Every structure is written in structure tokens, then in C-alpha cells.
Amino acid sequence: MSKALKFELLHKDYKSKARRGRITTPHGVIESPVFMPVGTQATVKAMKPESVGDTGAQIILSNTYHLMLRPGSDIVREAGGLHEFMNWHKPILTDSGGFQVFSLGHMRKITEEGAIFSSHIDGSKHMLSPEKSIEVQNDLGSDIMMAFDECAPPNASRDYIAKSQERTTRWLKRCIEANRNPDTQALFGIMQGGFYRDLREESAEAIVELDLPGYAIGGISVGETKEEYIGVLEYAPDLLPSDKPRYVMGIGTPDYIFEAVEHGVDMFDCVEPTRIARHGVATTSQGRISIKNAKYERDFSPLDPECDCYTCRNYSRAYIRHLYKAGETMSHMLLSEHNLRFLSKLSEDIRKSIEEDRFMELKREFYSKYYADK
RNA sequence: GUGGGUGUCGUCAAGUGGUCAAGACCCAGGGUUGUGGCUCUUGUAUACGUGAGUUCGAAUCUCACCAUCCACC
């Protein structure tokens with residue numbers, strides 16, 4: 001059993017695979033299911049850490065790739081680690097850079113050793129390998145480190161995805177070997193295999209054998225249809241141990257969260273709430289609204305009448321629309337805070353519903369309002 | 001009052017005789033999924049100051065008028 005992380009399964013929903021759990025890390029306890037906001041460059045964009053905490057966030061995600069290039073992980077280490085550096089003292093999960101190898105696409109080359117890529121900042125050449133990724137994540141001092149994997153493009157051939165998935169497992173073994181802080185930093189493995197069930201099974205079998213403190217399902221939410229996404233959820237979580245946290249990477253819309261939780265997933269992260277906030281969109285109990293729309297010009301009600309966040313307690317749609325149209329940063333701040341609170345509140349509601357064996361009812365109620373006018 | 005300049009969508013601005021008069025901004029929608037932080041995408045407009053004239057044809061040339069800017073008195 002890992003010293004760095006403990007997972008307790010508190011309750012299982014009666015009518016679905018939804019789980020209510022508790023994850024204990026060196027920086028505190030995380031109640032699950034949990035949504036994790038993303039703070040790529042050691043900051044959740046447009047938000048102070050205090051505000052992030054106020055939304056109910058229990059853990060945030062940050063990035064190996066970005067912090068390695070700037071300011072450099074040695075600087076974060078000298079600062080006393082990422083928690084100190086950015087003044088966030090609750091748990092942090094760091095992504096390994098594997099996804100950037102995928103999203104950078106054209107600017108890189110993958111070999112057995114690792115990935116060679118050009119920096120998006122200055123074009124300089126860098127190598128990211130399992131050893132390098134873990135070294136950086138050790139410097140950052142995150143509570144949960146992700147294995148350096150390859151997230152293969154969804155349109156890749158079956159043959160490529162099979163080879164990539166096998167390589168991801170070989171890389172995982174190297175990550176385990178490279179970890180200097182196994183007692184304080186938990187390493188999660190990542191399942192790959194695209195949309196092929198047998199490849200997913202193969203991947204799961206190989207990584208579960210390595211007995212890691214937690215497991216992620218990678219390679220989804222990369223542009224596939226919702227049907228394909230749900231298709232993977234139908235079987236993938238069941239391939240992972242029930243006494244370890246399960247994490248689906250990169251999802252953050254309410255419908256995707258409901259589907260994941262229903263199929264036994266405990267953790268998820270997404271840039272979506274903070275990104276759409278910076279583009280003038282809010283998620284509400286009655287569906288998404290674009291604050292840019294002219295119909296909100298004289299709407300002096302809050303973004304979401306059912307929300308208890310700082311933004312909704314103090315500001316109107318008309319005011320936020322004005323700020324957005326005027327190009328004021330404050331609109332990003334207010335919308336980001338609301339959107340994060342919305343997902344934290346949704347997670348709270350989900351946890352409570354599981355405890356009361358009424359998760360499916362919550363899902364139904366939520367959808368009936370969220371999709372009411374669609 | 002005198003001399004000179006300028007008048008093209010809401011705004012800025014291409015176009016100097018010949019297809020449906022660029023483009024940008026604004027405005028109005030939509031997108032965003034392990035973040036390359038003011039983004040990507042689509043769409044709307046009774047725009048050539050007014051009136052005459054030259055010409056097969058004028059936003060483009062001529063004249064008058066109007067408006068506006070600058071200088072001088």
C-alpha cells in the first residue's frame with residue numbers, strides 16, 4: 001500500500017456504479033467524486049488561489065510541460081515546491097506532459113526513449129522522457145503525479161494505437177523506477193488503447209499488475225463523439241481495481257461528468273470551465289449561457305439564480321456582460337469563479353446523492369433543468 | 001470673408017472610368033474537453049455628401065451646392 005496516498009471507498013450507489021470515496025494525501029483529504037480545476041502555469045487563470053479554494057475546489061491540476069519550460073522546475077524546487085511557490089496548500093496533481101506531446105502535434109517526434117519537441121515559447125528543442133517527467137514532477141512536489149504516457153490521436157491506426165499503448169506501459173515501469181519520493185508523491189498509471197476494447201483490456205491488465213495507488217483512463221475526450229466516449233466508459237472503469245481511485249482525464253461538462261460517475265469514476269479535471277469563462281460563457285443550472293448575448297443587456301439577475309458563489313451573490317448578468325464587452329479582466333475573474341463553483345457544487349450534490357442512493361434521480365433532475373429549453 | 005484640404009456601411013479605411021464596392025473594428029450568433037490566456041468560426045448593413053453634366057459605362061472626370069477641417073483676415 002502506498003504511503004503517499006490512501007483511498008477509502010465509503011459507499012456505493014444502489015442503482016449505478018457510482019462511488020463515494022475519500023482520498024488522503026500529504027496535503028489533505030479529498031472527498032470524491034471530485035472535479036479538479038486546472039492551473040496549467042502554477043495558477044488557475046484569472047483567479048487567486050484563495051478564490052479557487054472558496055469555490056470548494058479540493059485539489060487542482062498543474063502541468064509538468066509548462067513549468068519545465070518556464071520558469072524551470074529547479075526554480076519551483078528552490079521556492080519550496082509548487083504548493084509554496086503558488087500559495088496553494090491543498091493537494092495538487094501534476095500532469096506528466098504526455099498530453100502536450102499529443103496536443104503539440106506537429107512539433108514533435110516520439111521514440112522509445114521519449115518525445116522530442118519544440119518549445120511553444122521559443123522553439124528550442126527539449127526531450128521529455130519518463131525519467132525527465134518524473135524528475136520534474138518530483139521537483140514540483142505534487143501529491144499525485146501522472147505517468148508519462150502517449151495519448152495517441154483518435155484517428156491513428158489500430159496498429160499504431162496498440163504499439164503506443166504497449167509503449168505507455170513500458171514507460172510506466174520507467175516512471176516507477178524514477179520516482180525519488182514514493183512516500184510523499186503518489187504515481188498514477190494511465191490506461192490507453194483508444195476505442196478498442198481488447199487493447200484497453202490489455203493495457204489495464206499490464207498496469208494493474210504494477211499495483212499503483214491510482215489509475216487514470218486516458219485517450220478519451222480527445223474529439224470523439226459522446227457515444228464513443230460512453231462506449232469506453234461502459235467497460236473501462238471496471239478493468240481497474242475497485243479499491244483505488246479512478247480518474248478520467250480531461251472531462252468537465254456536466255453530462256460527461258454524470259456519465260463518468262455513473263460508471264464508477266472518482267476524479268476528473270478539465271480546462272473547460274475556466275476557458276469558456278474567458279470567452280464569455282457561464283454554466284448554470286438551466287444550461288449554458290453566453291453573456292455576450294444582447295438579451296442580457298438589461299438583465300439584472302445573477303448568472304444562475306440557484307448559485308451561491310461570490311459572483312452570483314454580488315453581480316448581475318448585465319454588469320458582467322458590460323465588463324466582457326468592454327474587455328475588462330474582471331469579467332474573466334467573475335465568470336471563472338462562477339463556473340468553478342458550479343462544478344464543485346455539482347460534485348457536492350453528486351456525493352450527497354450517492355450517499356443517499358439516489359444518484360440516478362439527481363442525474364434525471366439535473367438534466368430536466370439543464371436541457372429544459374433544448 | 002479669402003485660400004486650401006476632405007466627404008465610401010455605426011467607425012476606420014481600400015478603390016482614380018468597366019464583374020455582386022476590399023479589409024478591419026463594431027454589432028449579432030455559434031465553438032471551446034489531461035489550456036499555446038483577450039481566441040476560433042459564421043453572419044448582418046437603405047455606405048460612395050446632394051444635384052446636375054460628360055460617357056456605351058462614373059465612387060472615380062466636370063460644375064454648382066451642402067457639410068466639415070486647416071490657415072489667413
Side-chain angles (χ1 to χ4, degrees), chain A residues 35-47 59-67 69-70 92-108 117-123 133 137 142 144-152 154 168 188-192 214-226 228-229 247-257 259-260 265 267-283 288-297 321 323-333 335-336 339 343 374:
Chain A
F35 173 76
M36 307 184 281
V38 177
T40 303
Q41 309 207 68
T43 171
V44 176
K45 296 181 195 302
M47 291 192 71
I59 171 173
I60 61 169
L61 180 149
S62 197
N63 278 82
T64 295
Y65 169 79
H66 302 265
L67 296 176
L69 295 180
R70 184 172 55 196
I92 296 175
L93 178 149
T94 43
D95 192 17
S96 63
F99 188 75
Q100 277 64 47
V101 171
F102 157 69
S103 63
L104 246 42
H106 46 106
M107 310 166 69
R108 49 82 176 139
F117 59 90
S118 301
S119 160
H120 70 278
I121 300 167
D122 61 7
S133 176
Q137 295 187 74
S142 52
I144 299 172
M145 303 187 291
M146 297 310 298
F148 185 67
D149 65 331
E150 184 194 357
C151 180
T168 288
F188 280 24
I190 304 175
M191 180 206 295
Q192 290 292 349
Y215 290 97
I217 298 169
I220 51 179
S221 73
V222 287
E224 74 280 5
T225 65
K226 189 169 174 180
E228 291 173 302
Y229 167 74
Y247 164 28
V248 169
M249 312 181 80
I251 62 161
T253 53
D255 54 333
Y256 274 48
I257 289 174
E259 294 300 332
V265 172
M267 308 165 67
F268 22 85
D269 75 282
C270 197
V271 305
E272 206 252 11
T274 43
R275 177 179 288 162
I276 63 173
R278 278 176 276 116
H279 295 160
V281 177
T283 313
R288 275 187 173 203
I289 65 171
S290 175
I291 205 64
K292 296 179 271 193
N293 291 173
K295 61 184 171 186
Y296 302 123
E297 192 174 19
R321 173 180 148 85
L323 293 177
Y324 186 83
K325 300 294 280 186
E328 289 290 344
T329 302
M330 179 79 163
S331 66
H332 302 172
M333 297 164 63
L335 285 166
S336 293
N339 285 348
L343 289 184
K374 298 223 168 80

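Since the structure is predicted, the reported quantities are computational estimates derived from the model, not experimental observations.
A47(B) and U60(B): their C1' atoms are spaced 16 Å apart (whole Å). A distance of about 16 Å separates the P atoms of A45(B) and A28(B), rounded to the whole Å. Spacing of P atoms, G7(B) relative to U50(B), comes out at 14 Å, to the nearest Å. Taking atom P in both G31(B) and C70(B), one finds a spacing of 49 Å when rounded to whole Å. The same atom, P, is picked in G17(B) and in U11(B); the two are 28 Å apart, to the nearest Å. Atom C1' of C26(B) sits at a distance of 23 Å from the matching atom of U32(B), rounded to the whole Å. One C1' atom belongs to U16(B), the other to A22(B), and the distance between them is 15 Å to the nearest Å. Comparing the P positions of A59(B) and A21(B) gives an interatomic distance of 11 Å, to the nearest angstrom.
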* To do: Evaluate the side-chain contact (heavy atoms from CB on, under 4.5 Å) criterion for residues His332(A) and Met47(A): first the C-alpha distance (whole Å), next the side-chain angles of each, then the deciding distance (0.1 Å), finally the verdict.
  => CA-CA 9 Å; His332(A) 302 172; Met47(A) 291 192 71; over 6 Å; no
* Show your working on side-chain hydrogen bond (donor to acceptor under 3.5 Å, both in side chains) between Asp149(A) and Gln192(A) and close with a plain yes or no. => CA-CA 8 Å; Asp149(A) 65 331; Gln192(A) 290 292 349; 2.8 Å; yes
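Checked against a 6.0 Å centroid threshold, the rings of Phe99(A) and Tyr65(A) do not count as neighbours. In this structure, Tyr229(A) has its ring center under 6.0 Å from that of Tyr256(A).
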* Structure fact -> Its contact letters, B for base, S for sugar-phosphate only and - for none at protein heavy atoms under 4.0 Å, make nucleotides 38-43 of chain B read BB----
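Nearest-nucleotide positions on RNA chain B place Arg321(A) closer to the 5' end than the other of Gly218(A) and Arg321(A).
Formation of a donor-acceptor pair under 3.5 Å by the Asp269(A) side chain with backbone atoms of Gly250(A) is found in this model. Without hydrogens or angle criteria, Ser62(A) side chain to Gly39(A) main chain gives a donor-acceptor distance under 3.5 Å.
The side-chain heavy atoms of Gln137(A) and Ser96(A), taken from C-beta on, include a pair separated by under 4.5 Å.
Comparing G31(B), G34(B), U33(B) by their nearest atom to the side chain of Ser96(A) picks out G34(B). With distances taken from any side-chain atom of Asp269(A) to the nucleotides G29(B), U33(B), G34(B), the minimum falls on G34(B). Comparing G37(B), U32(B), U35(B) by their nearest atom to the side chain of Gln41(A) picks out G37(B).
Rounded to whole Å, atom C1' of G34(B) lies 8 Å from atom CE of Met36(A). G29(B) atom C1' lies 12 Å from atom OH of Tyr296(A), rounded to whole Å. When the P atom of G34(B) is taken as reference, atom CG of Asp95(A) falls 9 Å away, rounded to whole Å. Across the protein-nucleic acid pair, Phe268(A) atom CZ and U33(B) atom C1' stand 13 Å apart, rounded to whole Å. With rounding to whole Å, Leu61(A) atom CG is found 10 Å from U35(B) atom C1'. Rounded to whole Å, atom P of G29(B) lies 10 Å from atom CD of Glu297(A). A straight line from NZ of Lys45(A) to C1' of G37(B) spans 5 Å, rounded to a whole angstrom. In this structure, Ile257(A) places its CD1 atom 14 Å from C1' of G34(B), rounding to the nearest Å.
Asn63(A) has a side-chain polar atom (N or O) that falls below the 4.0 Å cut-off from OP1 or OP2 of U35(B). Lys325(A) has a side-chain polar atom (N or O) that falls below the 4.0 Å cut-off from OP1 or OP2 of A28(B). Regarding contacts with the backbone of G34(B), every side-chain N or O of Gln100(A) stays at 4.0 angstrom or more from both OP1 and OP2.
A stem is defined here as three or more consecutive Watson-Crick or G-U pairs, each with both distances under 3.5 Å; for RNA chain B these stems are B:1-7 with B:66-72, B:10-12 with B:23-25, B:27-31 with B:39-43, B:49-53 with B:61-65.
Qualifying side chain to side chain contact (heavy atoms under 4.5 Å, CB included) partners for His279(A), counting only residues two or more places apart in sequence or in other chains: Arg275(A). Residues satisfying the side-chain hydrogen bond (donor to acceptor under 3.5 Å, both in side chains) criterion with Glu224(A), sequence neighbours excluded, are absent altogether. By the side chain to side chain contact (heavy atoms under 4.5 Å, CB included) test, Asn293(A) pairs with Ser290(A), Lys295(A), Tyr296(A), sequence neighbours left out. Qualifying side chain to side chain contact (heavy atoms under 4.5 Å, CB included) partners for Ser331(A), counting only residues two or more places apart in sequence or in other chains: Leu323(A), Tyr324(A).
Side-chain atoms of Arg275(A) and base atoms of U35(B) include a donor and an acceptor less than 3.5 Å apart. The base of U35(B) has none of its N or O atoms less than 3.5 Å from a complementary donor or acceptor on the side chain of Ser103(A). Side-chain to base pairing of Asn293(A) with G29(B): no donor and acceptor N or O lie closer than 3.5 Å to each other.
Glu328(A) has no carboxylate O lying under 4.0 Å from a charged side-chain N of Arg278(A), or vice versa, which leaves the two without a salt bridge.
Counting non-hydrogen atoms under 4.0 angstrom, Gln192(A) reaches a base of the nucleic acid. Heavy atoms of Thr40(A) sit under 4.0 angstrom from at least one base atom. Residue-level contact check: Gly219(A) touches the bases, meaning some heavy atom is under 4.0 Å from a base atom. Among the protein residues, Ile190(A) comes within range of the nucleic acid bases, having at least one heavy atom under 4.0 Å from a base atom. Note on Val248(A): nothing from the nucleic acid sits closer than 4.0 angstrom, heavy atoms only.
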